[in-house]
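Computed from heavy atoms alone, side chains included, the values below leave out hydrogens, waters and symmetry copies. Numbers here are sequence positions counted from 1.
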Amino acid sequence: MERKLAKRGDMSDRLDIALNKFKSRMTSYPPGMCPLVMYRSILQMSMNQSCGKCVPCRDGLVEAERMLRDILNGDATRETLTKLKNLCVMISETADCAVGVVAANTVLDSLTEFADEYESHIQKKRCVSEMHQTVPCMTLCPAHVDVPGYVALVKEGDYAGAINVIRDRNPFPTACAMVCEHPCEKKCRRTIIDQPINIRGLKKYAVDQISADQVKTPPANVKTGKTVGVVGGGPSGLTCAYFLALMGHKVVVYDEHEKLGGMLRYGIPEYRLPKARLDEDIKAILSAGDIDVHLGVKIGRDITVDELRSQYDAVYLGLGAQLGNRMPVENANAKNVIPAADFLQNVARGEKIDLTGKHVALIGGGNVAMDAARTAVRLNAETVRVFTRKRDDYTALQTEIDSAAEEGVRFRTLVSFLNLEQDKKDPDKIDALWLQPEIVGEYDQFGFVKTDHSSAYPYRVTCDYLIMGVGQRCDVADFDAAGIPTERGRILADETCAIQGVDGVFSGGDCVTGPSTAINAIAAGQVAAHNIDEYLGYHHKILCEAEAPQAKPNKCIPTGRAEIEERDPFERRQDFQHVEMPMTPEEAVREAGRCLRCDHFGCGSMEGGRCAW
């Protein structure tokens, strides 16, 4: 038999090209999409992958798809659900290969995860009431900023208008332009064509053209005579103060630091967020209305919670998680062991450690850990090595991990921490840590991989400093003592930011959720402000003085995404200057022109009470 090499450009190659274009459709499923429609599409793809050799996969998946279609059509009963479950159990247990097993298990998972959705389709013959397709970028932004609106204004060159549209929901346009994790890009519909819009990049371009403090804030409402005390001058507290002031209330902000900004100032390094740029947002916020600020004031030391409640008509607790965690192991309190959050705050205050010639080890893979690692590089550390147990532990933005690697940070994964070795010459220090190699195992129910100890021997890593990037916590002891309900270091507040059982006191941000992102803290401050306004007996609306241009259809021509470039890594690692370079006008206009204007085109999934599939 004649043998031949595979021919380039054959059917398999052409199919791979087509599949590569199609796979983005799965990641761009819009928020509000009926989950049963999604599972049906997955089931249909599995049917197409079946080789047809075994009956459970060949015929069983077809029957399961028919039942799912009946459920979506409103033609099913509870008996249908029972039959669907039993059928999928049979397929999972008897199919010959992974195609049938995984497809059946996927449907079984959906019966548990979306039981309410199945019940609604059986009883009401429609999706659950809150299910409706929405604009992805606006929905996934925790503050629900009108993203298509300000992107369109950037395209038109109206940068002040873009800033005002952002500030309609988020008074930190500059800070978020620098450090936001941009969840708004996660399901951007542009992914169907090529890549998501660089939303953060366009926001940064707008604030680079005109500073936020040069753009006038909306006029404040007439004074209401009501007063609100805000504890915490970070993103959550200042956001709450901003909106309450625009509503006409008098706001008094208390913060224990010497300057406002919270973790934006003391937790994010200068090279990522220049503090002069942060001050532009803060100046604009303080100009919005009647806001007084008291710095260097700590609750419990200088003023009590009871005094706040007696002095103000309402109180908002918007503290950040500024206390770094230590691992509960021997020698964790050694002088050269420091939590990442404490390390970053010391540097932000000007207390920079000279790490010249020093070897730094770091445990953790989050954004704070990456900030600490890159900061250590800028303090002239000889080596900076990051250790994590699992690949899942790298929760930092991939761009931050890539930038750290470019700057010389070394990474080692699949090692678990064992213990710290005390320095024999100085008992107050450690001189090494011991790590145990790991191997990957099964995935858990949340999709995270488990690990087991490897048979390889533990190994010793010498270090002059150990930075622990293992999370932060909030200082809630004084609030707990004052009767504010807390649990595991967090204040207990509901989705409206109200604290149940404590009249007139609201809370949000890291002190409620635990360590999170700036935009989540901002969203909490916004929600709290509106609910405090309702609690005070009002229903104010904030005036936005900018309007998005009329939407025009997009030709949907595949176009490259304009990225934010960074300075050369060998140069930027030498200083704390801002690492990102500005977009050019041509890049910004072209990037903004890629927006599909989903606020006007392509959204709306409910027709006549049924799924529009």
Visitor: Start with the C-alpha gap between Ile484 and Ile499, add the side-chain angles, then the distance that decides, and say whether side-chain contact (heavy atoms from CB on, under 4.5 Å) holds.
Guide: CA-CA 8 Å; Ile484 303 296; Ile499 299 176; 3.9 Å; yes
Visitor: Are Lys250 and Asp313 within salt-bridge range, i.e. N to O under 4.0 Å?
Guide: no
Visitor: Who pairs with Asp533 by salt bridge (charged side-chain N to carboxylate O under 4.0 Å, His left out), at least two apart in sequence or on another chain?
Guide: none
Visitor: Could you tell me whether a side-chain N or O of Thr224 sits under 3.5 Å from a main-chain N or O of Lys226, the two making a donor and an acceptor?
Guide: yes
Visitor: Can you tell me how far CG of Leu140 sits from NE2 of His182, rounded to the nearest 0.5 angstrom?
Guide: 13.0 Å
Visitor: Would you check if Val253 and Ile291 make a side-chain contact, meaning some heavy-atom pair closer than 4.5 Å?
Guide: yes
Visitor: For Tyr312, give me all partners under ring-ring contact (aromatic ring centres under 6.0 Å, His included), at least two apart in sequence or on another chain.
Guide: none
Visitor: Please determine whether a side-chain nitrogen of the Lys or Arg among Asp302 and Lys298 lies less than 4.0 Å from a carboxylate oxygen of the Asp or Glu.
Guide: no
Visitor: Who passes side-chain hydrogen bond (donor to acceptor under 3.5 Å, both in side chains) against Asp393, sequence neighbours left out?
Guide: none
Visitor: For the pair His294 (side chain) and Tyr254 (backbone), establish whether a donor and an acceptor sit closer than 3.5 Å, ignoring hydrogens and angles.
Guide: no
Visitor: Can a donor-acceptor pair be found, under 3.5 Å and without considering hydrogens, that links the side chain of Thr513 to the backbone of Gly509?
Guide: yes
Visitor: Check the surroundings of atom CD in Glu351: do more than 12 heavy atoms from other residues, nucleotides or ligands lie under 6.0 Å from it?
Guide: yes
Visitor: What residues form a ring-ring contact (aromatic ring centres under 6.0 Å, His included) with Phe506, not counting sequence neighbours?
Guide: Tyr535
Visitor: May I ask you to check whether over 12 heavy atoms, not counting those of Arg488, lie within 6.0 Å of atom CZ?
Guide: no
Visitor: Output, in order, the C-alpha distance, side-chain angles, deciding distance and verdict of side-chain contact (heavy atoms from CB on, under 4.5 Å) for Asp208 and Arg277.
Guide: CA-CA 10 Å; Asp208 282 345; Arg277 301 301 308 272; 3.1 Å; yes
Visitor: Run the numbers on Thr413 and Phe387 for side-chain contact (heavy atoms from CB on, under 4.5 Å), then give the verdict.
Guide: CA-CA 6 Å; Thr413 308; Phe387 300 100; over 6 Å; no
Visitor: Assess whether atom NZ of Lys259 is packed by more than 12 heavy atoms of other residues, nucleotides or ligands within 6.0 Å.
Guide: no
Visitor: Within the 3.5 Å criterion, strictly below it, is a donor on Asn531 or Thr496 matched to an acceptor on the partner's side chain?
Guide: no
Visitor: Let me confirm one number: the CG-SG distance from Leu596 to Cys188, rounded to the nearest 0.5 Å.
Guide: 6.5 Å
Visitor: Charged N to carboxylate O under 4.0 angstrom, Arg473 versus Asp510?
Guide: no
Visitor: Under 3.5 Å, side-chain donor or acceptor atoms of residues 146-164 against the rest of the protein: list the pairs with distances, not counting sequence neighbours.
Guide:
unit_1: Asp146; atom_1: OD1; unit_2: Gly149; atom_2: N; d: 3.0
unit_1: Asp158; atom_1: OD1; unit_2: Gly161; atom_2: N; d: 2.8
unit_1: Asn164; atom_1: OD1; unit_2: Arg167; atom_2: NH2; d: 3.4

Visitor: Could you report the tightest heavy-atom contact between Tyr538 and His249, atom names first, then the distance?
Guide: CD1-CE1, 3.7 Å
Visitor: Contact between Gln526 and Asn170 at the side-chain level, heavy atoms closer than 4.5 Å - yes or no?
Guide: no
Visitor: Strictly distance-based, threshold 3.5 Å: is any side-chain N or O of Arg200 a donor or acceptor partner for the main-chain N or O of Glu185?
Guide: no
Visitor: What verdict does the side-chain contact (heavy atoms from CB on, under 4.5 Å) test give for Leu264 and Leu273, after you've listed the backbone C-alpha separation in whole Å, the side-chain angles of each residue and the deciding distance to 0.1 Å?
Guide: CA-CA 8 Å; Leu264 289 175; Leu273 176 57; 4.1 Å; yes
Visitor: Salt bridge or not between Arg490 and Glu487? Use side-chain N to carboxylate O under 4.0 Å.
Guide: no
Visitor: Are the side chain of Asp371 and the backbone N or O of Pro269 linked by a donor-acceptor pair below 3.5 Å?
Guide: no
Visitor: To the nearest 0.5 Å, tell me how far Ile522 CD1 sits from Thr517 OG1.
Guide: 8.5 Å
Visitor: Is atom NZ of Lys275 surrounded by more than 12 heavy atoms (other residues, nucleotides or ligands) closer than 6.0 Å?
Guide: yes
Visitor: Okay, side chain of Thr584, backbone of Glu587: is any donor-acceptor separation there less than 3.5 Å?
Guide: yes
Visitor: With sequence neighbours left out, what residues match Tyr394 under ring-ring contact (aromatic ring centres under 6.0 Å, His included)?
Guide: Phe411
Visitor: For Phe448, check ring-ring contact (aromatic ring centres under 6.0 Å, His included) against everything at least two apart and list the hits.
Guide: none
Visitor: Return the set of residues passing side-chain contact (heavy atoms from CB on, under 4.5 Å) with Val368 (not counting sequence neighbours), or none when no residue passes.
Guide: Ala340, Leu344, Gln472
Visitor: Please list, chain by chain and in numerical order, all residues satisfying side-chain contact (heavy atoms from CB on, under 4.5 Å) with His257, sequence neighbours excluded.
Guide: Asp255, Tyr266, Gln322, Gln345, Arg349
Visitor: Do we see a donor-acceptor contact under 3.5 Å between the side chains of Asn367 and Glu181?
Guide: yes
Visitor: Does Tyr205 offer a backbone N or O that forms a donor-acceptor pair with the side chain of Gln209 under 3.5 Å?
Guide: yes
Visitor: Provide the full list of side chain to side chain donor-acceptor pair (under 3.5 Å) pairs with a residue in residues 401-410, sequence neighbours left out, each pair given once.
Guide: Arg374-Glu407, Arg378-Glu407, Gln398-Asp402, Ser403-Glu566, Glu406-Arg572, Glu407-Arg572
Visitor: Hey, does the side chain of Ser287 reach the backbone of Ala284 with a donor-acceptor pair shorter than 3.5 angstrom?
Guide: yes
Visitor: OH of Tyr465 to CD1 of Ile338: how many Å apart, nearest 0.5 Å?
Guide: 9.0 Å
Visitor: Taking only residues two or more places apart in sequence or in another chain, which ones pass side-chain hydrogen bond (donor to acceptor under 3.5 Å, both in side chains) with Asn221?
Guide: His540
Visitor: Nearest 0.5 angstrom please: Glu545 CD to Thr217 OG1, how far?
Guide: 8.5 Å
Visitor: Please walk me through it: do Arg561 and Glu563 pass salt bridge (Lys or Arg N to Asp or Glu O under 4.0 Å)?
Guide: CA-CA 6 Å; Arg561 168 182 158 115; Glu563 301 289 357; 3.0 Å; yes
Visitor: Using only atom types and a distance under 3.5 Å, with no angle test, would you say the side chain of Arg265 pairs donor to acceptor with the backbone of Leu260?
Guide: yes
Visitor: Yes or no on salt bridge (Lys or Arg N to Asp or Glu O under 4.0 Å) for Asp575 and Arg567, after CA distance, side-chain angles and deciding distance?
Guide: CA-CA 11 Å; Asp575 56 47; Arg567 296 162 54 210; 2.9 Å; yes
Visitor: Between side-chain atoms of residues 232-244 and protein atoms elsewhere (two or more places apart, or another chain), which donor-acceptor pairs fall under 3.5 Å?
Guide:
unit_1: Ser236; atom_1: OG; unit_2: Tyr316; atom_2: OH; d: 2.6
unit_1: Ser236; atom_1: OG; unit_2: Ala521; atom_2: O; d: 3.2
unit_1: Thr239; atom_1: OG1; unit_2: Pro235; atom_2: O; d: 2.6

Visitor: With a 6.0 Å cut-off (strictly less than), is the heavy-atom count around CD of Glu547, excluding the residue itself, greater than 12?
Guide: no
Visitor: Any sub-3.5 Å donor-acceptor pair from Arg326's side-chain atoms to Ala332's backbone N or O?
Guide: yes
Visitor: Using only heavy-atom distances, determine whether the side chains of Gln500 and Asp494 contain a donor-acceptor pair under 3.5 Å.
Guide: yes
Visitor: Quick check for you: to the nearest 0.5 Å, what is the distance between Cys497 atom SG and Ile532 atom CD1?
Guide: 8.0 Å
